[in-house]
**Q** 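For reference, the structure I am asking about is given below.
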2 protein chains.
Amino acid sequence: MDAPAAIALVRKTSLSSLVEAEVMRLILAGELDSGQQIKEVAIAARLGVGRSSVREALRALEAVGLVRIEKNRGAFVRVVSETEAREMYVVREQLEGLAGALLAARITDDEVRELREYVDELDYYLDPAEFQRYFPLNLKFHRRIFEMAGNGRLLDMYGRLTNELHTVRRNGLLRGGGLAVSNIEHRNIVDALAARDADGASAAMRAHVSAGGQRRRAQAPGDSGSEVA
Amino acid sequence: MDAPAAIALVRKTSLSSLVEAEVMRLILAGELDSGQQIKEVAIAARLGVGRSSVREALRALEAVGLVRIEKNRGAFVRVVSETEAREMYVVREQLEGLAGALLAARITDDEVRELREYVDELDYYLDPAEFQRYFPLNLKFHRRIFEMAGNGRLLDMYGRLTNELHTVRRNGLLRGGGLAVSNIEHRNIVDALAARDADGASAAMRAHVSAGGQRRRAQAPGDSGSEVA
DNA sequence: CTGCTGTCGATTGTCGACAAAGTCAATCCG
DNA sequence: CGGATTGACTTTGTCGACAATCGACAGCAG
């Protein structure tokens, strides 16, 4: 890293922010399993910082919903229950629908092109063996739509939901195995956006999320999950 | 407080949680103005706790969106800009619409009755002089709808938005002066809910929020605000 | 063998100390 | 006289110490 960048970084970011980012990375990367305890001293030693910074970071992550803190027991990687996952999908469906509608009204030709590229690239990774390529690109596709939609608040909320859902979402896509179907839905979304059809884009987004939720649910463990033949 | 309750309280809540709740109260109650700096030692002394607890609380409140933290400068009560407020209203409109639709599908007769009582009571407080009665009751009406909707996640998100919007919302209702109109909209909502009309309830909710946003905007300071005659 | 209880190591909760950065005003120089 | 400089004072950033609490395990009673 060059000096100016380093200086800017040090001036703006506190240690706890860095710890927060790092712990988040560990969780999202799966290095910290769902439900696993996060020991303050371990993180502190690993990153070479004091416990205070770690504690502050964990507090923030709790508010974001990535960890759960029990008094005198510690911090644990949050595990989302089946019912919570369903609730979140309902909300997500609504948010993605809104993003689609907003974006259809303002998308540029360049942006349409960018989204199409993602979808085309995703087509190369439909094989389950390529999942570690498909998954992040899929995330990026959705995230870009929210970024392009131009509503910071909406993007923020989506980010939170995404963080909390990441485990469940990965498993759903992977085991549900509907990668090809999923990408067809992506194409429908882009088509509606390209046509500047707000209602169509909104509907396509909602349908996609809803279908994803059902794909996931078909694989979900118990909890009144409908047994699909 | 009786002993069992006290024990349960001590066992579950940490000092920083209490500090967090208290600072939140101070902000929502307006005792800490928008933009005002929150000094750690002042809060610590006032509540008789150490700085660590205060810092943790502030971190959490930052993640919730109630305060903004600048490195080496301190924590400030968050001030929402005009454009942010608009973005949030767009999102809120969508969330309230979802809550209405969900609730219409599951509302009980008792709940319909409860909501009607709120609306009836609100009618008594239409005079601007009674605003300090109208405002909290109005909040409760909306909050109860989300609670009844039965989606914890949705309720959670709504709570966050509400916290951040509280200032702007209070001013909007107060200065916009549309209390009577607002309550007519409330009645439309309850009617649609009572009829178990999901689409109607959703539309009524969205219309209400949208109208509220416009009432607010008509009063908003500058920032390309349309001058209404 | 089962269940209870006391004890111990591990982990978190809270605090204040010290260092670093920012703020502000009096002062100095052009 | 105006703007830069310096220096005291305030406020935050980070750390480790100490206390409180938890969970596990051993030992004992029945």
Side-chain angles (χ1 to χ4, degrees), chain A residues 3-24 26-27 32-33 35-64 66-79, chain B residues 3-24 26-27 32-63 66-79:
Chain A
I7 290 177
L9 198 68
V10 170
R11 278 179 54 88
K12 296 288 178 193
T13 72
S14 65
L15 266 189
S16 28
S17 307
L18 291 183
V19 174
E20 183 182 339
E22 176 63 7
V23 174
M24 181 184 292
L26 289 177
I27 294 178
L32 288 170
D33 285 348
Q36 179 177 346
Q37 179 170 15
I38 306 174
K39 288 174 193 158
E40 297 175 356
V41 283
I43 300 289
R46 172 167 181 167
L47 302 182
V49 302
R51 273 182 58 219
S52 317
S53 308
V54 176
R55 288 190 118 261
E56 286 183 20
L58 290 177
R59 271 280 167 191
L61 287 175
E62 182 190 31
V64 172
L66 271 179
V67 312
R68 173 179 44 91
I69 293 180
E70 288 180 39
K71 178 172 181 186
N72 286 328
R73 298 229 20 237
F76 303 83
V77 180
R78 185 126 190 289
V79 10
Chain B
I7 289 176
L9 198 67
V10 171
R11 277 178 54 91
K12 296 287 179 195
T13 72
S14 64
L15 266 189
S16 29
S17 308
L18 292 182
V19 174
E20 184 182 337
E22 177 63 8
V23 173
M24 180 183 293
L26 289 177
I27 294 178
L32 289 170
D33 285 347
S34 262
Q36 178 177 346
Q37 180 170 15
I38 306 174
K39 289 174 192 158
E40 296 174 356
V41 283
I43 301 290
R46 171 167 181 167
L47 303 182
V49 302
R51 273 181 59 219
S52 317
S53 308
V54 176
R55 285 179 65 77
E56 285 183 23
L58 291 177
R59 273 275 168 197
L61 288 175
E62 181 191 32
L66 271 178
V67 312
R68 172 178 46 90
I69 294 181
E70 287 180 40
K71 178 172 181 186
N72 286 327
R73 299 229 19 237
F76 303 82
V77 180
R78 186 126 190 289
V79 9

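Chain A is the first sequence line, chain B the second, and so forth, proteins listed ahead of strands; every chain is numbered from 1. It should be emphasised that the depicted structure is a prediction, and the values quoted were computed from it without experimental measurement.
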**Q** If every non-hydrogen atom of Ser53(B) is compared with every non-hydrogen atom of Ser16(B), which pair is closest and at what distance?
**A** O-CB, 3.5 Å

**Q** With sugar-phosphate meaning primed atoms plus P, OP1 and OP2, does Ile38(B) contact a base, only sugar-phosphate, or nothing at under 4.0 Å between heavy atoms?
**A** sugar-phosphate

**Q** In this structure, how many angstroms lie between the C1' atom of dC15(C) and the CD atom of Glu56(B), rounded?
**A** 12 Å

**Q** Send over the distance from Leu58(A) CG to dT12(C) C1', rounded to a whole Å.
**A** 11 Å

**Q** Measure across Ala63(B) and Val64(A) and return the closest heavy-atom pair with its distance rounded to 0.1 Å.
**A** CB-CG2, 4.2 Å

**Q** Nearest whole angstrom, please: distance from the P of dT14(D) to the CD of Glu40(B).
**A** 11 Å

**Q** Would you say Arg73(B) places a side-chain N or O within less than 4.0 Å of OP1 or OP2 belonging to dT12(D)?
**A** no

**Q** Whole Å only: how far is the CG atom of Leu18(B) from the P atom of dC15(C)?
**A** 11 Å

**Q** Under 3.5 Å, side chain of Glu22(B) to main-chain N/O of Val19(B), donor-acceptor pair present?
**A** no

**Q** I need the CD1-C1' distance between Ile43(A) and dT12(C), as an integer number of Å.
**A** 14 Å

**Q** CG of Asn72(B) versus P of dT10(D): gap in Å, rounded?
**A** 18 Å

**Q** Could you please name the option among dT14(C), dT14(D), dA21(C) that lies closest to any side-chain atom of Ser16(A)?
**A** dT14(D)

**Q** Do the side-chain N or O atoms of Arg51(B) get closer than 4.0 angstrom to the phosphate oxygens (OP1, OP2) of dT11(D)?
**A** no

**Q** Just compare dT12(C), dG13(D), dC15(C) and give me whichever is closest to any side-chain atom of Leu15(B).
**A** dC15(C)

**Q** Can you tell me if the side-chain N/O atoms of Gln37(B) get under 4.0 Å from OP1 or OP2 in dT10(D)?
**A** no

**Q** Does OP1 or OP2 of dG13(D) have a side-chain N or O of Ser53(A) closer than 4.0 Å?
**A** no

**Q** Can you tell me how far C1' of dG23(D) sits from NZ of Lys71(A), to the nearest Å?
**A** 17 Å

**Q** Quick one: Lys39(A) NZ to dC22(D) P, roughly how many Å, whole number?
**A** 18 Å

**Q** Using modelled atom types and a 3.5 Å cut-off, is there a donor and acceptor pairing between side-chain atoms of Lys71(B) and backbone atoms of Thr13(A)?
**A** yes

**Q** Over all heavy atoms of both residues, which pair between Leu58(B) and Ile69(B) is shortest? Give the atoms and the distance, please.
**A** O-CD1, 3.9 Å

